[in-house]
Peer 1: 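The structure under discussion is supplied below as C-alpha cells; questions concerning it will follow.
Naming convention: chains lettered A, B, ... in sequence-line order (proteins, then strands); numbering from 1 in each chain.
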Amino acid sequence: MSFEDYSGIWVFIEVKDGEVVPVSLELLGAGKELADKRGTELAGVLIGENVTHLADTLYEYGADTVYVYDDTIFKNYRTESYMKALLECCQKYKPEVILYGATSTGKDLASAVATDLPTGLTADSTILDIEEDTGLLLASRPAFGGNIMATILCKKYRPQMATVRPKVMKALSPEPGRTGQLIEETASIKEEDIRTKVLEIVQFTTQKVRIDEADIVVAGGKGLGSEKGFQVVHDLAETLGGAVGASRDVVEAGWVEHHHQVGQTGLTVTPKIYFAIGISGAIQHIVGMQNSGLIIAINKDPEAPIFQSSHYGIVGDAFEIVPLLIQQFKQAFNQEVVDHV
Amino acid sequence: MLHIVACIKQVPDTKIIKMNPKTNTMDRASAPAILNPYDAHAVEEAVRLKKRYGGTVSVLTMGPPPAVKAIKKCIEIGADEGYMISDRAFAGADTLATSYALTKAIEKISQIKPVDLIICGKMTIDGDTGQVGPGIARRLDMPPLTSVNKVKEINVEEGYAIVHRKLEDGYEVIQSTMPCLMSVEKEINEVPYSSMTNMLKAARYQPVIWAVADLEDVERTQLGLKGSPTIVSKVWAPTKPSGGEMLEGDAAQQTEQLLDLLLKKKELFAVKGGSGVEL
C-alpha cells in the first residue's frame, strides 16, 4: 500500500427526510481543519435518491468536491447498497481519511466498509487531529465507559476512518454562494444483489423536543427516588420549554424512555442550560453533557461528583428546591410580560 | 430447526471500575468480571427465539480461560452449547482482528451444525464500539442488521427474518434473507432470573475450547495485535472540571440567587424555533 496515492479528507453525508443531517455538516467543519492542515481537499460523499441538489449546501459548509450517487436504489439506507457505493468510490479516488457521524446509519455503514476494505475504524471519536507531515489521523475517544480517554491511530492502512458523535464538532458558518466540484458516480450494485428490504419507517411523534437539539435540558437521576418523584423534572422542563433528560439508571428503572438518556450510552447534549437534578454525576453521564453552556446541579449530597462538573450548585432537597424554582421562574416570566405591555 | 450463535464477551464492570489517581491508569482488579450486559440480552433473545421456533442456541466467546464463567452465565440464561477460542495469538486484537477470529470459530461451529442466525449485543461496555458484529457479518457475507430492538418474525423454511431497527427518532422495519447477523439493543427484552435447573446445568457445564491450531484456514497475520490496524497510542484521564460556585442559604435564597444569575444571562433563554421560553 503506497500512502502517497491516498489524499483528501472525506465526510460521508447522511441524508434524512431530504435534508443533510446536522452531524454531517459538523463533520465538514472538523474535516475542513484537517484538510487545511494537510493542504488537501475536503469532499463529501452524498448517497441517496434526489439528493444531488444538496451539494450546494455542502459547498457552503466547506466541501470542495461532492461525489454523488443519486439513484432510486439508494432511496432508503441499506448497508449493502451504501457500502458498495462507498467502497467503489474509495477504490477509485483513494481518500486518506473518511469521517462518519456516529448515528445508527453512520456506525452501521462505517463498520461494514472498514471490514471490506479492510482498514481501521475508531468509534465515537470526540477529538480529531492530524499530523501535518505524515497525515496520521489522531482520533481520540472515551473508553471503558468514559473512565479514560484514548487516542487511536491507524498507521499501516488507508483510508483512516472514524465515526464522530453528533454535537461534539462545530459546523462552519455557511458561506452563501460558495461552490465546488460535483462528481456524479454510478454504483455497480443491482436491486437483486441486495438482501434486505425496508418495509416501513416509523417515526416517533410523541417526543416534543429532542434532547440533543434542545436549548434547555432538565435532567433527573435516581436521587429523585421514584417515577413519581421524577415528575419535578417534567414540571421544570415544561415551565422552561426545555427537554427532559435522564441518567442511565433512571432509564433502566423504566421511569422514562431510552431516547431521554444523556451520556456515554445515551445521547450527547449541548444545550445552553443543563439542569442535573438528583444526578450523582458518574463519568458516563458527564461525558454526555459536559459541553453544555451552563450546568446547574441540584443534589442533596454535598459530596456528589456532579458538583465538580457544574457552574452552579445547590445542595438541597429537590422536592423543595425545584417547585420553588418553578414558581419563581413563572413569576419572573409574568413580570417580564407585564413590563413589555 | 434454527441454529443460533450468540457472540458474547466477558468484560470488567465499567460502572464499578476505579481509576488510580496517581498513575491515571485503571485498576482492573477493582472491577468484577461480568458478562457484557448487552450480550445477556443477545443470549436471552436467542433463547426466546428458540422457544418460539424450536432449535439450538450456541454461545461463542474469545478470551482468556476465566471467560468460561461468562459462558456458564449464558447456559444459565438458557443457551445449549458454549464454545470458546482461547490462545495467546488472539491477544491485543482490535475489532477487525476480533471479527476475523470469531468468524473462523463460527465457520467451525457451522461444520458441526449449519448456522442460521448470529446474534450479538449492541456493543461491549469496555470497548464501546459496536463494530465486531457487523465485521463478522461482512466476513461471512451475511446482511448485518444493527440496532435491532424487536424480532418480529423468523421464517426458517422460507429463509427470512423481519426485525425492527432502532433509529434516532423511531424505527424501521427490515426484511432480510437468512442467514443474517443481528446486533441487539437492550430494550429488546428483559433478562429474567435464571431457573434452578439452568443454574445446576451451568455449574456442571464445560464449554468446547479451541486454540488457533484447532481452527481451519487461519491466516495468523490477521490475528491479535498483528492483525489489528488500530493501535492505542495514548491513554489519559479525562480532565476533571474544578467545580463551580455553590449557592448558599436556605432553599428560597438559593433559588433566588440562581434566578438572578440566570436572568442576567437573558441570551440563554432566547431560543430558536419557539421551543423555549422567550423573555
Peer 1: Highest number of heavy-atom pairs under 4.5 Å with chain B: which of A:Leu199, A:Ile194, A:Val251?
Peer 2: A:Leu199
Peer 1: Could you state the interatomic distance from CD (A:Gln328) to OG1 (B:Thr255), rounded to the nearest 0.5 Å?
Peer 2: 3.5 Å
Peer 1: Quick one, B:Arg165 and A:Val198 - any side-chain contact, counting heavy atoms below 4.5 Å?
Peer 2: no
Peer 1: I would like to know whether A:His258 and B:Lys166 meet side chain to side chain donor-acceptor pair (under 3.5 Å); could you show each step before the answer?
Peer 2: CA-CA 11 Å; A:His258 183 263; B:Lys166 185 175 163 181; 2.8 Å; yes
Peer 1: Is the backbone of A:Glu257 close enough, under 3.5 Å, to the side chain of B:Glu187 for a donor and an acceptor to pair up by distance?
Peer 2: no
Peer 1: Can you tell me which portion of A:Gln160 sits under 4.5 Å from chain B's heavy atoms? Options are side chain, backbone, both or neither.
Peer 2: neither
Peer 1: Quick one: of B:Ile162, B:Asp141, B:Leu167, who has the most non-hydrogen atom pairs under 4.5 Å with chain A?
Peer 2: B:Asp141
Peer 1: What part of A:Ile127 gets within 4.5 angstrom of chain B, counting heavy atoms only: side chain, backbone, both, or neither?
Peer 2: side chain
Peer 1: Let me know if A:Glu252 has heavy atoms under 4.5 Å from chain B in its side chain, its backbone, both or neither.
Peer 2: side chain
Peer 1: Which residue out of B:Asp250, B:Val232, B:Leu96, B:Thr124 racks up the most heavy-atom pairs below 4.5 Å with chain A?
Peer 2: B:Leu96
Peer 1: Quick one: which of B:Glu172, B:Arg138, B:Met123 has the most heavy-atom pairs under 4.5 Å with chain A, could you say?
Peer 2: B:Arg138
Peer 1: Donor-acceptor check, side chain of B:Gln131 to backbone of A:Leu121, threshold 3.5 angstrom: yes or no?
Peer 2: yes
Peer 1: Name the option with the most non-hydrogen atom pairs under 4.5 Å to chain B; the candidates are A:Glu320, A:Met83, A:Gln327.
Peer 2: A:Met83
Peer 1: Specify the closest pair of heavy atoms between B:Thr230 and A:Gly120, including all atoms of both residues, with the distance to one decimal.
Peer 2: CG2-CA, 3.6 Å
Peer 1: Checking heavy atoms, do the side chain of A:Gln284, its backbone, both or neither come under 4.5 Å from chain B?
Peer 2: side chain
Peer 1: Quick one: does any side-chain atom of A:Arg195 pair with a main-chain N or O of B:Cys180 as donor and acceptor, under 3.5 Å?
Peer 2: no
Peer 1: Search all heavy atoms of A:Asp108 against all heavy atoms of B:Pro144 and return the closest pair with its distance.
Peer 2: OD2-O, 4.3 Å
Peer 1: Is it the side chain or the backbone of A:Val315 that comes within 4.5 Å of chain B heavy atoms, both, or neither?
Peer 2: both
Peer 1: Testing the basics here: between A:Phe144 and B:Pro12, what is the closest heavy-atom pair and its distance to 0.1 Å?
Peer 2: CE2-CG, 3.8 Å
Peer 1: Identify which of A:Thr119, A:Val322, A:Ile298 forms the greatest number of heavy-atom pairs closer than 4.5 Å to chain B.
Peer 2: A:Thr119
Peer 1: Please evaluate residues B:Asp128 and A:Gln264 with respect to the criterion side chain to side chain donor-acceptor pair (under 3.5 Å), reporting the C-alpha separation (whole Å), side-chain torsions for both, the decisive distance (0.1 Å), and the verdict.
Peer 2: CA-CA 9 Å; B:Asp128 289 339; A:Gln264 178 71 7; 3.0 Å; yes
Peer 1: Identify the heavy atoms of A:Arg141 and B:Thr129 that sit nearest to each other, and give their distance.
Peer 2: NH1-CG2, 3.9 Å
Peer 1: Among the options A:Arg248, A:Arg78, A:Glu80, A:Lys107, pick out the one with the most heavy-atom pairs lying under 4.5 Å from chain B.
Peer 2: A:Arg248
Peer 1: Is there a donor-acceptor contact under 3.5 Å from the side chain of B:Glu168 to the main chain of A:Ser104?
Peer 2: yes
Peer 1: Answer with side chain, backbone, both or neither: which region of A:Ala112 has an atom nearer than 4.5 Å to a non-hydrogen atom of chain B?
Peer 2: both
Peer 1: Where is the tightest heavy-atom contact between B:Leu258 and A:Phe275, given as atom of each residue plus distance?
Peer 2: CD2-CE2, 4.3 Å
Peer 1: Calculate, to the nearest 0.5 Å, the distance between atoms NZ and NZ belonging to B:Lys226 and A:Lys156 respectively.
Peer 2: 10.5 Å
Peer 1: Can you confirm whether B:Asp169 sits close enough to A:Lys16 that some side-chain heavy atom of one is under 4.5 Å from a side-chain heavy atom of the other?
Peer 2: yes
Peer 1: With chain A, which of B:Ile231, B:Ile125, B:Leu247 has the greatest number of heavy-atom pairs at distances under 4.5 Å?
Peer 2: B:Ile231
